[in-house]
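Nothing here was measured: the structure is a model prediction, and the numbers come from that model.
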Amino acid sequence: MRNIKRVIGIDPGLAHTGFGIVDYYRGKIALVSYGVIETPSDEDHSIRLLSIYNRLLSVIEEFNPDEAEMETLYFSRNSSSALAVAEAKGVITLCLAQQAIPLFTYTPNQIKASVTGTASANKKTIEQYVKILLNLSVEPKPDHAADALAGAITHIHSKYI
């Protein structure tokens with residue numbers, strides 16, 4: 001029986017889908033990997049979604065997470081980008097379901113509060129706290145990967161700590 005819980009956090013987007021993988025073991029959170037799946041804007045929309053699916057599947061197969069976290073969709077201004085993010089989120093959800101990986105969701109404010117202590121934290125503050133919580137020498141970049149790591153940390157805080 002594996003006592004380590006491995007969580008993949010995902011920051012969905014059509015152009016940039018961030019992922020961050022952390023392990024939780026005996027009260028400690030450790031970084032495993034992070035990165036961004038990028039799709040070029042000049043590519044056909046359906047090909048971009050397929051690319052997100054295939055590349056996320058590769059990450060899942062490489063790191064074998066036990067659980068997944070993805071931020072709930074929240075857009076107050078740009079409905080066209082909200083639709084693209086929702087489509088990416090659907091593809092990601094399908095990929096996780098096909099791999100039987102339970103998906104948990106948290107609001108942006110829950111993630112900010114869990115990682116920094118305040119729901120009004122900005123991107124820079126989140127990156128700084130992720131660096132501290134994961135004992136990294138530098139802040140994780142780009143911000144999509146840092147956001148994914150923050151989501152994974154939030155899930156561990158919410159479920160295990």
Side-chain angles (χ1 to χ4, degrees), residues 5-23 29 31-112 114-116 119 121-131 133-134 136 138-156 158:
K5 281 294 177 189
R6 181 161 287 177
V7 177
I8 182 171
I10 302 169
D11 181 38
L14 185 61
H16 304 95
T17 293
F19 67 89
I21 303 164
V22 296
D23 282 347
I29 302 172
L31 175 68
V32 175
S33 183
Y34 66 90
V36 174
I37 298 167
E38 296 182 353
T39 65
S41 60
D42 61 349
E43 214 168 45
D44 182 68
H45 185 76
S46 61
I47 299 301
R48 293 174 81 182
L49 292 171
L50 181 60
S51 180
I52 292 168
Y53 177 92
N54 287 332
R55 288 156 75 189
L56 179 60
L57 183 59
S58 293
V59 169
I60 289 168
E61 289 172 344
E62 180 178 354
F63 295 104
N64 196 27
D66 300 301
E67 297 171 347
E69 175 284 331
M70 188 163 41
E71 185 177 295
T72 58
L73 187 58
Y74 172 77
F75 281 89
S76 61
R77 292 182 293 256
N78 190 340
S79 62
S80 64
S81 68
L83 181 59
V85 172
E87 289 176 324
K89 189 172 176 173
V91 165
I92 292 163
T93 302
L94 172 66
C95 185
L96 294 167
Q98 286 181 328
Q99 301 305 307
I101 299 170
L103 174 62
F104 299 84
T105 59
Y106 300 91
T107 66
N109 285 349
Q110 285 176 306
I111 294 170
K112 290 174 188 177
S114 173
V115 171
T116 70
N122 62 30
K123 294 253 185 218
K124 181 70 175 161
T125 302
I126 292 168
E127 290 171 2
Q128 290 170 337
Y129 273 82
V130 167
K131 173 188 168 197
L133 290 169
L134 294 176
L136 305 176
V138 296
E139 295 165 5
K141 298 284 185 184
D143 61 348
H144 301 288
D147 289 347
L149 287 167
I153 292 167
T154 297
H155 177 63
I156 290 170
S158 177

Under 3.5 Å, which donor-acceptor pairs link side chains of residues 34-42 to any protein atom two or more places apart or in another chain?
from, atom 1, to, atom 2, distance (Å)
Thr39, OG1, Leu14, O, 2.4
Thr39, OG1, Arg48, NE, 2.9
Thr39, OG1, Arg48, NH2, 3.3

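Two residues are said to be in side-chain contact when any heavy atoms from C-beta on lie closer than 4.5 Å; Met70 and Leu103 meet this criterion. Proximity of Val22 to Val32: side-chain heavy atoms (C-beta onward) are nowhere separated by under 4.5 Å. With a 4.5 Å cut-off on side-chain heavy atoms, Leu56 and Thr17 do not count as touching. Counting only heavy atoms from C-beta outward, the side chains of Ile21 and Val7 never approach each other to under 4.5 Å. Contact check for Val115 versus Val130: side-chain heavy atoms found under the 4.5 Å cut-off.
In the model, Asn109 has no side-chain atom that pairs as donor or acceptor with a side-chain atom of Thr107 under 3.5 Å. Judged purely by distance below 3.5 Å, without hydrogens or angles, the side chains of Gln98 and Tyr53 pair a donor atom with an acceptor atom. A donor-acceptor pair shorter than 3.5 Å cannot be found between the side chains of Ser51 and Asn54.
Using cut-offs of 30° and 60° for the angle between ring planes, the His155 and Tyr106 rings count as tilted.
Of the charged side-chain nitrogens involved, none lies within less than 4.0 Å of a carboxylate oxygen, so that Asp143 and Lys124 do not count as a salt-bridged pair. Ion pairing of Arg6 with Glu67 is absent here, as no side-chain N (NZ or NE/NH1/NH2) approaches a carboxylate O to less than 4.0 Å.
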